[in-house]
Protein chains: 2
Amino acid sequence: MSGRDYLGEFEHIILLALLRLGERAYGVTVRQEIEQRTQREVSIGAVYATLERLESKGYVRSRRGDPTPERGGRSKRFFHITGTGVEAVDRTQHALRQMTEGLRLARG
Amino acid sequence: MSGRDYLGEFEHIILLALLRLGERAYGVTVRQEIEQRTQREVSIGAVYATLERLESKGYVRSRRGDPTPERGGRSKRFFHITGTGVEAVDRTQHALRQMTEGLRLARG
DNA sequence: TCGTTTCCTCTATATTGTAGAAGTAATGAG
DNA sequence: CTCATTACTTCTACAATATAGAGGAAACGA
């Protein structure tokens, strides 16, 4: 594999959000999911920039949705994680787990 | 707190290594610990640069050790994690945990 | 003293992270 | 049917992290 073979911290979080959201993952929901779960503010620009990078690495793919019948309901760009994306998450989590194994931490 | 209040991926790994190593943490052992546990190659420059950054954030402190009676046994620079460093690890792990909770992943 | 070893510092660059303004496509009000 | 408004995405610019490896410094042993 070329370059790093593990994820940056935010890349990791973004991919986890995609896994959680499944079909309904697009810019806005990804942002929401992260903000709600982690209590951390996320700029929308950060979300898209990261998704873009992940796509160029092949960890994510996107497709255009149809417009929805609601005020401002323009078509969304839906994202989903790929097989190699899952593998990358997997490797990252594994490494982290190896490093934490047996360690006593306040929140595990 | 100023700036990001969570850790970059490698910063995270490095702090976990410090926690594991305790008293015997210095450049070389930190590198070893990570390489052995994660199967990932780590350049020594990366280790020091990161420790340096962590120290400037107050997450780590360092002290000079004494020379040891062995070939090339010059004095080492020992590192240890601080209270706020532990808190940072804690926050990062917590966020990650929130994101993975309930998710079915190969390596969990 | 000098060669060898162990460790650390420095320099330079690539990759990620971050914010927010600006742009685009849709709806609904009037 | 035009326009204000809404939902969403793209762009741009910059800051912070990650990474490699050459080179320098301090110690020992011969």
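Reminder, nothing fancy here: chain letters follow the sequence lines and each chain counts from 1. What you see is a predicted model, and the numbers here were worked out from it, not measured in a lab.
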Result for 5'-nearest mapping on DNA chain C, choosing between A:Ala46 and B:Arg64, is B:Arg64
Output the rounded distance in Å from CZ (A:Arg77) to C1' (C:dA26).
19 Å
Between B:Leu54 and B:Ile81, is there a side-chain heavy-atom distance shorter than 4.5 Å?
no
A:Lys57 has an atom NZ; how far is it from atom C1' of C:dG17, in whole Å?
12 Å
Starting at CZ of A:Phe10 and ending at P of C:dT16, how long is that distance when rounded to a whole Å?
14 Å
Think B:Lys76 has a side-chain N or O under 4.0 angstrom from the OP1 or OP2 of D:dA25?
no
Go nucleotide by nucleotide along DNA chain D from the 5' end; which of B:Glu11 and A:Phe79 gets its closest nucleotide reached first?
A:Phe79
Would the distance check show the side chain of A:Glu35 and the main-chain N or O of A:Val42 forming a donor-acceptor pair, the cut-off being under 3.5 Å?
yes
Rounded distance (Å) that lies between atom P of D:dT17 and atom CG of B:Leu15:
12 Å
Quick one: which of C:dT9, C:dG17, C:dC7 gets closest to the side chain of B:Ile44?
C:dT9
Mapping A:Arg53 and B:Gly45 onto DNA chain D by nearest heavy atom, which one lands closer to the 5' end?
A:Arg53
For A:Leu21, is there any backbone N or O sitting under 3.5 Å from a side-chain donor or acceptor partner on A:Arg24?
yes
In whole angstrom, what separates A:Asp66's CG from C:dA26's C1'?
13 Å
Using modelled atom types only, decide if a donor and an acceptor are shared between the side chain of A:Thr82 and the backbone of A:Gly58 within a distance under 3.5 Å.
yes
Counting distance only, does the side-chain N/O of B:Ser43 pair as donor-acceptor with the main-chain N or O of B:Ala46 below 3.5 Å?
yes
Under 4.0 Å, heavy atoms only, any strand: does B:Gly8 hit a base, just the sugar-phosphate, or nothing?
sugar-phosphate
Note: A:Ala25 and A:Val30 closest approach over all heavy atoms is CB-CG2, 4.3 Å
Can you work out whether B:Gly27 or A:Leu7 has the more 5'-proximal nearest nucleotide on DNA chain C?
B:Gly27
Short side-chain N/O contact to C:dC7 OP1/OP2 from B:Arg31, under 4.0 Å:
no
Protein-nucleotide distance (A:Glu52, atom CD; C:dG17, atom C1'), rounded to Å
15 Å
How many Å lie between CG on A:Leu51 and C1' on C:dT16, as a whole number?
14 Å
Would you tabulate the nitrogen or oxygen pairs shorter than 3.5 Å linking the protein to nucleotides 27-30 of chain D?
unit_1: D:dC28; atom_1: O2; unit_2: B:Arg71; atom_2: NE; d: 3.4

Check: A:Thr92 side chain, A:Leu7 main-chain N or O, donor-acceptor pair, under 3.5 Å:
yes
Without decimals, in angstroms, what is the distance between B:Tyr59 OH and D:dA16 C1'?
13 Å
